[in-house]
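Ligands are counted one by one from 1 in listed order, and the atoms in each one are counted from 1 as well.
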Amino acid sequence: MAQFQEVEKQSIMHPKPPGLTLHYGTAGLRTNAKHLDHAMFRMGLLATLRSKNTKATIGVMVTASHNPEEDNGLKLIDPMGEMMAPAWEHYATQLANADDLLTVLKDIIEKEAINMSQEANVFVGKDTRSSSARLSQAVLDGVSALDGHSKDYGLVTTPQLHYMVRCQNTKGKYGEATLDGYYSKLCQGVVCYFYDQKLLSVDGANGIGALKVREMESHLKKELQISLFNDGSQGKLNYQCGADFVKVQQKPPTGFKMNPGERYCSFDGDADRIVYYYTDSEGQFHLLDGDKIATLMSTFLKELLEQAGLNLKVAVVQTAYANGSSTHYLENTMKVIVRCAKTGVKHLHHAAQEFDVAVYFESNGHGTVLFSEAAEEKICQLAEDPNINDEKKRAALLLQNTINVINQTVGDAISDMLFIEAILAIKGMSVQQWDAVYADLPNRQLKVKVADRRAIDTTDAERRAVSPPGMQDTVDSLVNKYKQARSFVRPSGTEDIVRVYAEADTQESADALAHEVSLAVYRLAGGVGEEPKPLH
Ligand code: 16G
Ligand code: ZN
């Protein structure tokens with residue numbers, strides 16, 4: 001077939017380096033940008049097949065998120081703007097590593113019974129990395145080699161591309177598939193709440209998020225005062241800045257002086273994560289991570305639903321890393337349903353789809369809110385009902401605005417930021433008051449090197465280990481030694497290590513517990529190198 005000849009011809013221009021193995025994992029493909037050209041071309045082919053298979057537009061985002069500037073990667077986006085179905089991740093890995101490209105390609109076509117005469121459409125976007133232009137061209141080459149149509153959105157955040165894909169496949173029902181459409185939808189409604197809101201400083205991680213906040217400013221009509229730093233004009237992408245740095249280091253971006261009491265937030269390199277922070281009058285740093293954000297959003301939504309008299313259930317989906325205090329507060333004080341999902345955005349997103357209104361967040365700051373179709377309908381009907389009292393009307397309109405400001409396809413730093421700012425403004429709440437809703441339990445995360453991390457197998461959303469034998473019993477007995485303690489171990493999905501998490505009533509206890517559990521992992525799960533040392 002002519003199509004395959006074209007693939008063969010083009011693939012010579014995108015040769016696979018010998019001996020290189022890539023893996024399409026939780027967050028797509030990611031490695032040093034030097035080794036990715038062939039994989040990008042091939043993912044262009046795969047996106048085209050996926051488009052033919054789903055008869056819908058598929059997205060390809062070229063980014064390595066919070067990784068260093070030298071890396072790059074790619075995320076594939078399914079028709080409703082969600083991450084590509086796990087069943088296809090395996091094809092992505094196979095295709096990226098194939099020595100005989102055509103055989104693997106034909107195999108996928110046969111297995112999925114893909115009609116090759118079906119039209120294909122692929123949306124492509126890229127972040128600000130220096131390698132992104134070249135690599136997104138390789139994706140476009142892959143699409144055209146299989147006769148697919150493509151639309152290159154150029155520089156966009158990851159969540160913006162997710163949004164475009166959903167708009168396109170819902171024929172505009174979700175919004176207009178342009179950047180202008182995105183900004184108008186998000187800013188519509190919320191801007192009127194920002195009066196009197198004090199300055200917010202935004203760390204753009206020297207990446208795409210900074211560019212896009214600047215682009216959005218005209219839509220905000222100065223109601224929200226944003227001061228951008230790490231806007232990419234000088235610093236290096238994700239270097240000593242950004243959401244991942246701030247969360248992991250528990251400190252502000254390097255070289256940035258904070259004023260006590262003011263609000264700050266950091267995006268990651270492709271603007272799908274956000275964390276907030278401030279310093280108090282003693283100069284102490286306070287982080288408001290994904291757990292605090294989920295609490296703020298779910299509390300706000302629950303109160304509005306009650307005021308509106310709508311019988312819709314609010315749930316929060318977290319992972320095992322959620323601070324125990326947040327779970328306790330949500331379940332016992334707020335009385336919202338809390339679910340725990342496995343680490344990785346797609347697992348949280350999937351779990352959230354089961355509820356009327358579900359807020360999902362990873363502690364690292366990736367999250368959003370999902371509304372079921374029925375919930376959206378009820379809210380819109382109520383907002384238009386002329387026979388309701390003022391309190392109900394106000395609540396219904398606020399809920400409607402929330403649906404617009406939230407990017408329901410994936411965690412979105414810009415959209416989350418606007419929603420958080422609106423909540424704080426509406427409630428007249430300072431960042432300190434938000435932080436004081438509950439106090440985080442001291443915690444510690446450690447890494448342990450083992451010969452094969454698959455020696456650890458988990459269940460119950462990664463909270464319990466089923467192998468190696470004796471592992472969970474040991475963790476349980478160590479946890480029992482401390483107050484308010486919890487600990488779990490899981491193999492990392494992104495690094496060749498086992499992760500250990502521990503929390504307890506004091507930092508000393510959390511550190512001691514994390515160390516003892518690390519030792520148990522080292523001894524029971526085939527630790528390599530030096531034995532873990534105590535932290536103090
Ligand atoms: C990936 C995930 C992130 C998760 C992290 C865990 C996506 C888009 N990204 O970056 O959500 O928190 O992996 O890494 O799903 P780990 O398995 O090494 O702990
Ligand atoms: Zn990211």
Side chains of Glu503 and Tyr501, donor plus acceptor under 3.5 Å
yes

Provide the number and element of each atom of ligand 1 under 4.0 Å from a heavy atom of Asn364.
12 (O)

Side-chain (Arg134) to main-chain (Ser131) donor-acceptor, under 3.5 angstrom
no

Under 2.8 Å from the Zn ion (ligand 2), which protein N/O/S atoms are there?
Ser65 OG, Asp268 OD2, Asp270 OD1, Asp272 OD1

Kindly write out the residues that satisfy side-chain contact (heavy atoms from CB on, under 4.5 Å) with His328, not counting sequence neighbours, or none if the list is empty.
Asn332

Under 4.0 Å, counting heavy atoms only: does Met83 come that close to any atom of ligand 1?
yes

Suppose we measure from atom 15 (O) of ligand 1 to each protein heavy atom; which comes out shortest, and what is that distance?
Val345 N, 3.0 Å

Starting from atom 1 (C) of ligand 1, locate the nearest protein heavy atom and write down its residue, its atom name and how far away it is, to 0.1 Å.
Ala27 CB, 3.9 Å

Applying a 4.0 Å heavy-atom criterion (strictly less than), which segment of Arg490 is in contact with ligand 1: side chain, backbone, both, or neither?
side chain

Treating Trp434 as the side-chain partner and Lys292 as the backbone partner, does any N or O pair qualify as donor plus acceptor under 3.5 Å?
yes

Applying side-chain hydrogen bond (donor to acceptor under 3.5 Å, both in side chains), which residue pairs with at least one partner in residues 161-170 are found, sequence neighbours left out?
none

Any donor and acceptor pair, going by atom type alone, linking the side chain of His366 with main-chain N or O of Asp272 inside 3.5 Å?
yes

Lys236 with Glu70: basic N within carboxylate O range, under 4.0 Å
yes

What do you reckon, are the aromatic ring centroids of Tyr24 and Tyr91 less than 6.0 Å apart?
no

Which residues pass the side-chain hydrogen bond (donor to acceptor under 3.5 Å, both in side chains) test with Ser130, not counting sequence neighbours?
Glu69

Is there a polar contact between ligand 1 and Thr494, counting only N or O atoms under 3.5 Å apart?
yes

Tell me which protein heavy atom sits closest to atom 11 (O) of ligand 1, plus the residue, atom name and distance to 0.1 Å.
Glu362 OE1, 2.3 Å

